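In this text the structure is predicted, and so the values were computed from the model without any measurement. Excluded from the calculations below are hydrogen atoms, water molecules and symmetry mates; all remaining heavy atoms, backbone and side chain alike, are included.
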Amino acid sequence: MGAHHEFCKRFEGLLPAFLSIIFITDGAEWIKQWMDRSYPKAVQILDFYHAFQHLAQSVYGLILPADWLLTQKKLLLESKLDTLIENVKALKYLSEEKQEKLINYYEHNRYRMDYAAYRQAGYCIVSGAIETAHKTLIQERMKRSGQIWSPKGAQELLKLRVAFKSNHFQKVTDTICKAA
C-alpha cells in the first residue's frame, strides 16, 4: 500500500534501535540501500532460493552432469562461493554475458550469502514462510474478484484478518460485545 519509500518510513518507526535485526530479502537493490542506510548493523541475508534460482535459470537448457546443480546448491549452503564461481567459469556453453551477469550477481551479494554461518547461528536463510503468510493472510482475502479497497478499509480488514489467522479473534468479539 504505497511506494517503497513510504513503507520504509513507516517500518522504521516500528523497530526499536536497540534490537539485533536480521533481514532476509529477495535481493532488490532498493531494499539493500535502505537497510545499509537505516540499519547498518543489521544482518542481511539474501534468500537462499533466490540466490540458487539465479544459477538454475542461467544454466537452464545446458547439458550438464546430472548432479551439477545439486553440487552447486551444496556449495552455496556451505558458503563456498569461490568454488561455485570457478565452476560457473568452467562451463563451456554458458554465454559470456550470462556468465558475467551471474558472477557479478554473486560478487555483489557475497556479504549476504554466508549461509553456513547463518545456519550455524540458527538464522533462517529463506523467505518462503513469510511469502506464504503474505499470500494466505493478505492476498487471498484482498485480491478476490471485484474487490476494491480504500486504504483505510484495507488496513481495517487486514487487522481483522491478522487477528483471525493468529487465533486472537475472540479479543475482537470481546471488544465489540463490551462496546455494545
Give a yes or no answer on whether the side chain of Asp47 reaches the backbone of Asp26 with a donor-acceptor pair at less than 3.5 Å.
-> no
When you check the side-chain N and O atoms of Gln44 and Asp36, is any donor under 3.5 Å from an acceptor?
-> yes
Within a strict 4.5 Å, meaning less than it, do heavy atoms of the Val88 and Leu55 side chains meet?
-> yes
Are the side chain of Asn109 and the backbone N or O of Arg112 linked by a donor-acceptor pair below 3.5 Å?
-> no
To the nearest 0.5 Å, tell me how far His50 NE2 sits from Met113 CE.
-> 12.5 Å
Would you please name every residue forming a salt bridge (Lys or Arg N to Asp or Glu O under 4.0 Å) with Glu107, sequence neighbours left out?
-> Arg110
Between Val126 and Ile24, the two heavy atoms sitting closest are O-CD1, 3.7 Å
Rounded to the nearest 0.5 Å, what's the gap from SG on Cys177 to CD on Gln170? Could you check?
-> 8.0 Å
Val59 versus Leu64: any side-chain heavy-atom pair under 4.5 Å?
-> yes
Side chain of Ser79, backbone of Tyr115: donor and acceptor closer than 3.5 Å?
-> yes
Tell me, do Ile103 and Gln99 make a side-chain contact under 4.5 Å, heavy atoms counted?
-> yes
Are Tyr93 and Ile85 linked, directly or through other ILVMFWY residues, by side chains that come within less than 4.5 angstrom of each other?
-> yes
Would you indicate whether the side-chain heavy atoms of Leu75 and Leu77 approach each other to under 4.5 Å?
-> no
Under a 4.5 Å cut-off applied to non-hydrogen side-chain atoms, are Tyr123 and Ile45 in contact?
-> yes
Check: Tyr39 side chain, Trp34 main-chain N or O, donor-acceptor pair, under 3.5 Å = no
Tyr49 side, atom OH; Ser127 side, atom OG - distance, nearest 0.5 Å | 10.5 Å
Any side-chain heavy atom of Gln72 within less than 4.5 Å of one from Asn87?
-> yes
Where at least one partner belongs to residues 51-89, residue pairs that pass ring-ring contact (aromatic ring centres under 6.0 Å, His included), sequence neighbours excluded = His54-Tyr105
Count the heavy atoms belonging to other residues, nucleotides or ligands that lie under 6.0 Å from CD of Glu29, then report whether that count exceeds 12.
-> yes
What's the verdict on salt bridge (Lys or Arg N to Asp or Glu O under 4.0 Å) for Glu78 and Lys74, showing C-alpha distance, side-chain angles and the deciding distance?
-> CA-CA 6 Å; Glu78 294 172 352; Lys74 185 176 181 205; 3.7 Å; yes
What are the two closest non-hydrogen atoms of Ala51 and Leu46, and how far apart are they?
-> CB-CD2, 3.9 Å
Gap separating the CG atom of Leu81 from the CD atom of Glu86, nearest 0.5 angstrom | 10.5 Å
Are side-chain heavy atoms of Ile22 and Tyr118 found at a separation under 4.5 Å?
-> no
Side chain proximity check, Leu84 to Tyr106, heavy atoms < 4.5 angstrom | yes
Should the heavy atoms of other residues, nucleotides or ligands under 6.0 Å from NZ of Lys80 be counted, would the total exceed 12?
-> no
Atom SG in Cys124, atom CZ in Arg119: separation rounded to 0.5 Å?
-> 10.5 Å
